[in-house]
Amino acid sequence: MTPSGEIQLGFDHESAYYFDKPLTQRPLRNFRFWRRFISQPVINGCYCGGRNDYVLLELSQPLTQLSVNSGVLCQFSQRALIVIYRLLSGAVQLRYFAPQYGEAEDAATGSACVQASAYLRNQYPKSYAHKPIEIKQCSPAGGCLYLKNYQQQVLVRGRTAMRDSTAVFSSFDYTEE
């Protein structure tokens, strides 16, 4: 069980997967407040869930050089930060930061991808409403996740990855459907 409800886990001949529900999203109004955490222009964004959940920022530049001011984020917000960039191909880069919860940057998180998927379908219905979304997590251990909407849930699919005894995370790798 999660704050958004029950998560269904599964494994089939293609890969491991789970179903999750996106949190309620509201428009982002105070862009200047959120810009102080990052050094890149914000195109748009939304609040996901309540005060202790997420804020999602869409940027106009690739995320490989993104730097987040973790100290300021910890001081001024209880929300974890999801940052996305849409590539021309339609694929999406994603990074997730939650230093106030002890996770400076999460290496691979399907829950942030579920929120990003819902945001993209709401903001760009012509581009994302009728096809799966590929999201690449731009962190050292991140990979690609394949997301597809089913009514009120999002399917997150990938091959399971072995968890190294020294790793503090587990991850999914993208698998073609």
Side-chain angles (χ1 to χ4, degrees), residues 2-4 18 20 22-23 25-28 30-49 51-124 127-128 132-147 154 156-159 161 163-164 167-175:
T2 71
S4 62
Y18 68 94
D20 195 359
L23 297 170
Q25 296 186 354
R26 299 181 334 271
L28 185 67
N30 191 348
F31 287 92
R32 255 194 265 166
F33 175 79
W34 292 102
R35 269 191 214 125
R36 76 168 101 165
F37 304 121
I38 59 175
S39 57
Q40 293 186 12
V42 176
I43 295 175
N44 202 351
C46 69
Y47 294 105
C48 305
R51 292 182 50 85
N52 296 323
D53 292 313
Y54 311 98
V55 67
L56 184 147
L57 303 177
E58 181 181 351
L59 304 185
S60 61
Q61 299 172 353
L63 306 181
T64 52
Q65 301 301 317
L66 177 68
S67 175
V68 170
N69 188 330
S70 294
V72 174
L73 183 58
C74 289
Q75 183 178 0
F76 289 105
S77 181
Q78 295 173 357
R79 291 182 182 270
L81 179 62
I82 302 168
V83 185
I84 65 169
Y85 170 72
R86 294 183 323 124
L87 290 100
L88 293 176
S89 67
V92 177
Q93 293 178 346
L94 179 140
R95 291 179 70 183
Y96 172 81
F97 303 90
Q100 63 275 54
Y101 299 113
E103 191 71 49
E105 181 173 0
D106 196 338
T109 172
S111 59
C113 291
V114 168
Q115 306 313 315
S117 169
Y119 168 83
L120 291 165
R121 289 185 193 286
N122 290 335
Q123 291 296 312
Y124 306 101
S127 298
Y128 297 105
I133 297 174
E134 179 185 329
I135 296 181
K136 175 158 178 58
Q137 189 131 356
C138 298
S139 59
C144 289
L145 295 179
Y146 166 87
L147 293 95
V154 178
V156 181
R157 183 178 284 283
R159 291 186 312 272
R163 185 175 184 154
D164 184 293
V168 294
F169 56 84
S170 31
S171 65
F172 282 81
D173 292 322
Y174 174 71
T175 301

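Every value quoted in this text rests on a predicted model; they were computed, and no experiment measured them.
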query: When rounded to the nearest 0.5 angstrom, what is the spacing between CD in Gln25 and CZ in Arg121?
result: 12.0 Å
query: Do the side-chain N and O atoms of Glu58 and Tyr119 include a donor-acceptor pair separated by under 3.5 angstrom?
result: yes
task: May I ask you to test the Ile82-Leu57 pair for a side-chain heavy-atom distance under 4.5 Å?
output: no
query: At what distance, to the nearest 0.5 angstrom, does OG1 of Thr64 lie from CZ of Arg95?
result: 8.0 Å
query: Taking the side chain from Gln93 and the backbone from Leu63, do they hold a donor-acceptor pair closer than 3.5 Å?
result: yes
- prompt: Residues in side chain to side chain contact (heavy atoms under 4.5 Å, CB included) with Tyr101, at least two apart?
  reply: Asn52, Gln78, Ala98
query: Just wondering, do Phe37 and Val83 contact through their side chains at under 4.5 Å, heavy atoms?
result: no
task: With sequence neighbours left out, write down each residue that passes side-chain hydrogen bond (donor to acceptor under 3.5 Å, both in side chains) with Gln123, or none if nothing qualifies.
output: Asn44
From Leu56 atom CG to Cys46 atom SG, the distance as rounded to the nearest 0.5 Å: 5.0 Å
task: Would you check, one step at a time, whether the test side-chain contact (heavy atoms from CB on, under 4.5 Å) holds for Leu59 with Val42?
output: CA-CA 5 Å; Leu59 304 185; Val42 176; 3.9 Å; yes
- request: Could you check if a side-chain atom of Ser60 sits within less than 4.5 angstrom of a side-chain atom of Gln40, using non-hydrogen atoms only?
  value: no
message: With side-chain contact (heavy atoms from CB on, under 4.5 Å) as the criterion, how do Phe97 and Leu66 come out once you've worked through the C-alpha distance, each side chain's angles and the decisive distance to 0.1 Å?
response: CA-CA 11 Å; Phe97 303 90; Leu66 177 68; 3.9 Å; yes
Any donor-acceptor pair under 3.5 Å from Gln115 side chain to Leu23 backbone: yes
message: Tell me the closest heavy-atom pair linking Ala116 and Ile84, and the distance in Å.
response: CB-CG2, 4.0 Å
task: Output all residues satisfying side-chain hydrogen bond (donor to acceptor under 3.5 Å, both in side chains) with Tyr47, sequence neighbours left out; order by chain, then residue number.
output: Trp34
Non-hydrogen atoms of Tyr96 and Ala80 that approach each other most closely: OH-CB, 3.5 Å
Between OG on residue Ser111 and CG on residue Asp53, distance to nearest 0.5 Å: 10.0 Å
Backbone N/O of Arg79 and side chain of Gln100: donor-acceptor pair under 3.5 Å: yes
